[in-house]
Amino acid sequence: MNILGIESSCDETGVALVRAAGAHVPQVLAQALHSQVDMHQAYGGVVPELASRDHIRRVVPLVRQVLGDAGAVLAEVDVVAYTRGPGLAGALLVGAGVACALGAALERPVVGIHHLEGHLLSPFLSSDPPEFPFIALLVSGGHTQLMRVDDVGSYVLLGETIDDAAGEAFDKTAKLLGLPYPGGPALARLAEFGDADAIALPRPLIASANLDFSFAGLKTAVRTQLMKFGTNVCEQDRAHLAASTQQAIVDVLVRKAVAALKQSGLTRLVVAGGVGANARLREQLNAECARREVRVHYPELALCTDNGAMIALAAAMRVQRGKAALSTDYAFDVRPRWPLIDA
Ligand code: KG4
Ligand code: ZN
């Protein structure tokens, strides 16, 4: 069975064709991505209206490209999957509209997928796929959550951020440091030249009994530190601040992930979402997990950030388990705010 996946929830248009055979882990036949980062960079962040318009321009050519690369034709698509939410309403509507139009024209079912389910299942496409059950640390631009995952569609929320997401903390502090959007990778690059212990920054909720996160205070602390440096802050101090900020975020994520593993008694951790690409986070999680004999799984680096493959994969894994809400009436809606436990 061939599943076409379309992702358009934010600033990346992603399309992929995935094949599911029996109960095997589905395989990606081809995928293509257009990132809008260059377009939004001029504004210092994602402009929703521009994002929607660009998805409209990109999505059909990307579908053609993916089919061409896979050596397939539209008639060989058995299911069309799209990101139903969460994300920007207008951007989501583009993917949903195109998916449903394709489904209607081909007389094939369509299925709306939860974006975070795509992220958390994406390590199944890696060379070292996980096995259920596991703890998932979901760290994206909009979400920071710890989940217990027993199977596809069996998610228990253990903790989440009460204010900013980890990616948002990276992006906002990077902006304060004058770094370009998206801030996460830019801050990580600057951090390489700094000392992570140079500047004392708060680690909010790190010692709290629950598994919730809070990152808003970090941004304030960085702003205060920058004011102390004054207008002529030197490159070295900026790098120290970047390294110290990254370390504060990583310390909290690692401590809480380890606490979730301990509380659940599980010995497998899956890390997903854009911040999962962070090298320091990976290094520290690997060390902590090795010490505790916990297996840790990541998506391939290219699949950490938004992409179509994870949406097609999530749809395929749901179809394999009889858990896909397949629709053939092609009436669709999108869910800009959509808790994963309701998916
Ligand atoms: O999952 P994602 O691509 O989009 C959302 O669903 O939000 O995550 C994007 C987030 C952004 O906040 C970006 O700054 C962050 O992931 N990010 C990183 C790195 N690469 C992307 N943060 C830290 N270090 C990185 N290497
Ligand atoms: Zn995402």
Side-chain angles (χ1 to χ4, degrees), residues 5-14 33-37 40-41 44-46 48 51 55 82-88 91-92 95 113-123 136-145 160-161 164-177 179-192 194 196 213 215 218-219 242-243 245-254 270-285 298-311 313-314 335-338 340 343:
I6 299 176
E7 154 65 32
S8 71
S9 66
C10 188
D11 57 354
E12 252 111 28
T13 322
L33 186 78
H34 176 79
S35 171
Q36 304 176 353
V37 161
H40 296 296
Q41 219 153 38
V46 178
H55 287 307
Y82 62 93
T83 304
R84 187 177 173 213
L88 302 169
L92 290 165
I113 294 295
H114 196 290
H115 181 82
L116 294 181
E117 179 169 76
H119 274 304
L120 80 80
L121 296 177
S122 60
L137 173 66
L138 276 173
V139 275
S140 69
H143 294 84
T144 302
Q145 298 186 331
E160 64 182 331
T161 184
D164 289 353
E168 225 174 336
F170 269 105
D171 293 341
K172 288 180 176 174
T173 51
K175 204 169 183 175
L176 290 173
L177 282 161
L179 296 168
Y181 164 86
L187 191 127
R189 276 193 299 275
L190 181 58
E192 284 175 32
F213 303 85
F215 291 108
L218 191 56
K219 179 184 61 198
T245 305
Q246 172 174 262
Q247 193 58 51
I249 298 170
V250 166
D251 279 350
V252 176
L253 293 175
V254 171
V270 159
V271 185
V275 181
N278 185 272
R280 185 81 193 108
L281 176 65
R282 288 188 175 211
E283 195 182 295
Q284 215 162 304
L285 275 175
Y298 305 92
E300 303 293 343
L301 261 188
L303 296 186
C304 273
T305 45
D306 296 346
N307 63 86
M310 68 183 195
I311 300 305
L313 169 77
R335 301 277 307 268
R337 292 174 178 276
W338 187 15
L340 178 56

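Note that the structure is a prediction, hence the values are computed from the model and not measured. Atoms within a ligand are numbered from 1 in the order they appear, just like the ligands themselves.
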**Message:** Checking side-chain polar atoms at under 3.5 Å, does His143 have a donor or acceptor matched by the opposite partner on Glu160?
**Reply:** no

**Prompt:** Judged by modelled atom types alone, do Thr13 and His34 share a side-chain donor-acceptor pair under 3.5 Å?
**Reply:** no

Judging by distance only, is a nitrogen or oxygen of [X] under 3.5 angstrom from one on ligand 1?
X: Asp171; value: yes
X: Glu12; value: no
X: Gly141; value: yes
X: Pro182; value: no
X: Gly184; value: yes

Relative to the heavy atoms of [X], which atoms of ligand 1 are at a distance of less than 4.0 Å?
X: Thr305; answer: 3 (O)
X: Gly167; answer: 12 (O)
X: Gly142; answer: 7 (O)

**Residue among Val252, Asp251, Leu253 satisfying side chain to side chain contact (heavy atoms under 4.5 Å, CB included) with Ile249** = Leu253

**Asked** Which one holds for His119 and ligand 1: side chain close, backbone close, both close, or neither close, with close meaning a heavy atom under 4.0 Å?
**Response** side chain

**Request:** Under 4.0 Å, heavy atoms only, figure out whether ligand 1 is touched by the backbone of His115, its side chain, both or neither.
**Result:** side chain

**Prompt:** Ignoring hydrogens and geometry, is there a side-chain-to-backbone donor-acceptor pair from Arg337 to Pro86 under 3.5 Å?
**Reply:** no

**Message:** I'd like to know if the side chain of Ser8 and the backbone of Ala91 have a donor-acceptor N/O pair within less than 3.5 Å.
**Reply:** yes

**Asked** Is the Zn ion (ligand 2) less than 2.8 Å from at least one N/O/S atom of Cys10?
**Response** no

**Item:** His119 N/O/S atom closer than 2.8 Å to the Zn ion (ligand 2)
**Value:** yes

Which residue holds the protein heavy atom closest to [atom], what is that atom called, and what is the gap in Å?
atom: atom 2 (P) of ligand 1; value: Asp306 OD1, 3.5 Å
atom: atom 24 (N) of ligand 1; value: Asn278 ND2, 3.0 Å
atom: atom 21 (C) of ligand 1; value: Gly274 O, 3.3 Å

**Fill in**
Looking at Asp306, the N/O/S atom that lies nearest to the Zn ion (ligand 2) is called OD1

**Prompt:** Between Tyr181 and His40, how do the two ring planes meet: parallel, tilted or perpendicular, split at 30° and 60°?
**Reply:** perpendicular

**Prompt:** Should the ring pair His119 and His115 be called parallel, tilted or perpendicular, given that the plane angle runs from 0 to 90° and is split at 30 and 60?
**Reply:** perpendicular

**Request:** Mind listing the closest non-hydrogen atom pair of Thr144 and Ala165 along with its distance?
**Result:** OG1-CA, 3.3 Å

With a 4.5 Å heavy-atom cut-off, do [X] and [Y] have their side chains touching?
X: Glu168; Y: Phe215; value: no
X: Met310; Y: Leu303; value: no
X: Asn307; Y: Glu12; value: no

**Asked** Taking the non-hydrogen atoms of Pro185, is any one of them nearer than 4.0 angstrom to ligand 1?
**Response** yes

